[in-house]
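What follows is a set of notes on a single structure, which appears directly below.
Proteins get letters first, then strands, A, B, ... in listed order; numbering begins at 1 in each.
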Amino acid sequence: MKAIVDCNSFYCACERLFRPELHQRPVVVLSNNDGCVIARTDEAKQLGIAMGEPFFQCRDIIEKNGVAVFSSNYPLYGDISLRVMDTLRRLAGEEHVEVYSVDEAFLELSHVPPAQLRGMAVNIRNTVQQWTGIPVSIGMAPTKTLAKVANRLAKKDKPRTGCVMILAAPHEIQSALEETPVEDIWGIGRRYAAKLNRMGIDNAWQLSKMPVEWARKHLGGVVGVRLMRELNGEPCLTLQEPLTVKKQIATTRMFGKPVFDFSEIREAVAAYTAKAAEKLRRQSSLAGMIQVFVVANGKKNEKYEYNPQHWYRYHLLPYPTADTGLLIHYAVRLAAELFHPDIRYLKAGVILGELIPDNAAQMNLFASGLPHNRRALMQAIDNINAAYAGEAVRYAASGIRRLWKMKQMHRSRCYTTRWEELFEVR
DNA sequence: TCTGGGGTCCTAGGACCC
DNA sequence: TCTGGGGTCCTAGGACCC
């Protein structure tokens, strides 16, 4: 058996932790730049606020109903996430936990006797609640995909399930699949869901009865085959090794307002590069390629509609590097090549690719210059910035005034990660 | 006026090699 | 004039996840 443990309305739950008066009251958390709603409590869902809905579209509902609004506060959520995951490791055993995202983890439970599963689930739920204050839902089933199905049903009817659902017997699995529309299956997105509906396949049970070869043809080859087997109770997805190094690192952001001026684009691109380089060094890698992109709005049917256009440009580095200064040099050059005056840019991004471990660096004999050993400098910058939780030291190219920075009108305090913002008890 | 920011995996097709 | 078959690598693009 496998389990998925999923925090309920995670970002909202983190905000409520330090604002107990918001219990039972509707809460939403906005995306970067305060653009869309990316987390809602049950009370906010009941008001009809949709996931991903633009903030300006639901502003009326929010104001009328006294919904509490927060900008996303990632340092806070990241820290609470670590506490939840640590609790799960204590309860299930380090080697049986796969952290899947900031608010979800899979557990491998094949060693647990079936009769003990429910007790274990209830204990996990209660302990996480007590130790971290975060409510979770738990789904258990023979495969990861079925555990996701169970978890969704556990969340849907909390009073009945107590946020725990276990699917073991064939009849339990069948009725759960019948209750699950295809678009809610893990691995079926908008595209495939529409395609399946057109073919008259509406729920997961119908899908699970289709032939495997049909899935190979219509659902993305081996991916579809794996999905079908998982729905039929045959595990194809095992727990992943933790700490997999990323193969690509990106830092991209919307601007707080449209940007015309190259100097602002240059600053933003330099700042994103510095951020990406920091992530790169944190996983002890070097980048062999750097790519920059910018996004502007295009016209659609001659009307002003949201229709973003992307322009990309990349550069193969003379040798793999994690040197912020060097990466900024190339990033700014690429940005200059992409830039056109008179276009209002909405967003920019930097992607580092061709990553290799930094002990495997092989110098290019034909590179024009050898790298200076700037490792010590980079380490010093990373240490200082980690200690002061921010950008105490930064490259001048990344700007001082930062007019392009995103909006964050409703950010809560970094209660657990910044000295100046600690929670106070009087 | 205002629409997130990261990632992953897989496939198809072209270039090239022997 | 006739012109194989199999392998690898790379890139672009499509699909998905939270």
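- In this structure, Lys257(A) reaches neither bases nor backbone, as no heavy-atom distance under 4.0 Å exists between it and the strands shown.
- A side-chain donor-acceptor contact under 3.5 Å links Asn232(A) to the backbone of Met228(A).
- A salt bridge is absent between Arg40(A) and Glu53(A); no separation between the charged side-chain nitrogens and carboxylate oxygens falls under 4.0 Å.
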Taking Watson-Crick (N1-N3 plus N6-O4 or O6-N4) and G-U wobble (N1-O2, O6-N3), each under 3.5 Å, can you produce the dot-bracket string of DNA chain C? Use [ ] for crossing pairs and | for inter-strand ones. ....||||||||||||||
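- Ring pair His310(A)/Phe293(A) is tilted by interplanar angle, where 30° to 60° counts as tilted.
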Check the interface with nucleotides 8-18 of chain C: list each N/O to N/O pair with the protein under 3.5 Å, or write none.
{"unit_1": "dC16(C)", "atom_1": "OP1", "unit_2": "Gly189(A)", "atom_2": "N", "d": "2.9"}
{"unit_1": "dC16(C)", "atom_1": "OP1", "unit_2": "Gly189(A)", "atom_2": "O", "d": "3.4"}
{"unit_1": "dC16(C)", "atom_1": "OP1", "unit_2": "Tyr192(A)", "atom_2": "N", "d": "2.9"}
{"unit_1": "dC16(C)", "atom_1": "OP2", "unit_2": "Arg191(A)", "atom_2": "N", "d": "3.4"}
{"unit_1": "dC16(C)", "atom_1": "O5'", "unit_2": "Gly189(A)", "atom_2": "N", "d": "3.4"}
{"unit_1": "dC17(C)", "atom_1": "OP1", "unit_2": "Gly187(A)", "atom_2": "N", "d": "2.8"}
{"unit_1": "dC17(C)", "atom_1": "OP1", "unit_2": "Ile188(A)", "atom_2": "N", "d": "3.3"}
{"unit_1": "dC17(C)", "atom_1": "OP1", "unit_2": "Ile188(A)", "atom_2": "O", "d": "3.3"}
{"unit_1": "dC17(C)", "atom_1": "O3'", "unit_2": "Trp186(A)", "atom_2": "NE1", "d": "3.1"}
{"unit_1": "dC18(C)", "atom_1": "OP1", "unit_2": "Lys148(A)", "atom_2": "NZ", "d": "2.8"}
{"unit_1": "dC18(C)", "atom_1": "O3'", "unit_2": "Ser101(A)", "atom_2": "OG", "d": "2.9"}
{"unit_1": "dC18(C)", "atom_1": "O3'", "unit_2": "Asp103(A)", "atom_2": "OD1", "d": "3.1"}
{"unit_1": "dC18(C)", "atom_1": "O3'", "unit_2": "Glu104(A)", "atom_2": "OE2", "d": "3.0"}

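- When each of Val222(A) and Gln248(A) is assigned the nucleotide of DNA chain B with its nearest heavy atom, Gln248(A) is the one assigned upstream, toward the 5' end.
- The number of heavy-atom neighbours closer than 6.0 Å to CZ of Phe260(A), taken from other residues, nucleotides and ligands shown, is above 12.
- Taking 4.0 Å as the cut-off between side-chain N and carboxylate O, Lys148(A) and Glu104(A) count as a salt-bridged pair.
- Spacing between atom CD1 of Ile38(A) and atom C1' of dG5(B) amounts to 9 Å, rounded to whole angstrom units.
- Aromatic ring centres of Trp186(A) and Tyr192(A) lie farther apart than the 6.0 Å criterion allows.
- Atom NZ of Lys246(A) and atom P of dG5(B) are 17 Å apart (whole Å).
- Between Tyr330(A) and His315(A), the ring centre distance stays below 6.0 Å.
- When only modelled atom types and interatomic distance are considered, Thr321(A) and Asp323(A) share no side-chain donor-acceptor pair under 3.5 Å.
- Between Lys275(A) atom NZ and dG7(B) atom P there is a gap of 12 Å when expressed in whole angstrom units.
- Residue contacts shown for Arg226(A) are limited to sugar-phosphate atoms, with no base heavy atom under 4.0 Å away.
- Remark: Glu172(A) pairs with no residue by the salt bridge (charged side-chain N to carboxylate O under 4.0 Å, His left out) rule, at least two apart or across chains.
- Atom P of dT3(B) sits at a distance of 24 Å from the matching atom of dC18(C), rounded to the whole Å.
- A heavy-atom distance below 4.0 Å to DNA chain B is reached by these residues of residues 54-84 of chain A, ordered by number: Pro54(A), Phe56(A).
- Of the residues in residues 202-214 of chain A, none has a non-hydrogen atom less than 4.0 angstrom from any atom of DNA chain C.
- Among the atoms of the strands shown, only primed sugar atoms or phosphate atoms (P, OP1, OP2) are found under 4.0 Å from some heavy atom of Ile249(A).
- Rounded to a whole Å, the CD atom of Gln291(A) is 17 Å from the P atom of dG5(B).
- Counting only residues at least two apart or on different chains, the salt bridge (Lys or Arg N to Asp or Glu O under 4.0 Å) pairs with a member in residues 210-222 of chain A are Glu213(A)-Arg216(A).
- Aromatic ring orientation, Tyr74(A) versus Tyr77(A): perpendicular (interplanar angle above 60°, classes split at 30° and 60°).
- Under 4.0 Å is where a charged nitrogen must lie from a carboxylate oxygen, and between Lys2(A) and Glu230(A) no such pair does.
- Counting non-hydrogen atoms under 4.0 angstrom, Asn32(A) reaches the backbone sugars and phosphates but no base.
- Residues Tyr345(A) and Phe339(A) bring their aromatic ring centres within 6.0 Å.
- With respect to the salt-bridge test (charged N to carboxylate O, under 4.0 angstrom), the residues Asp86(A) and Arg89(A) qualify.
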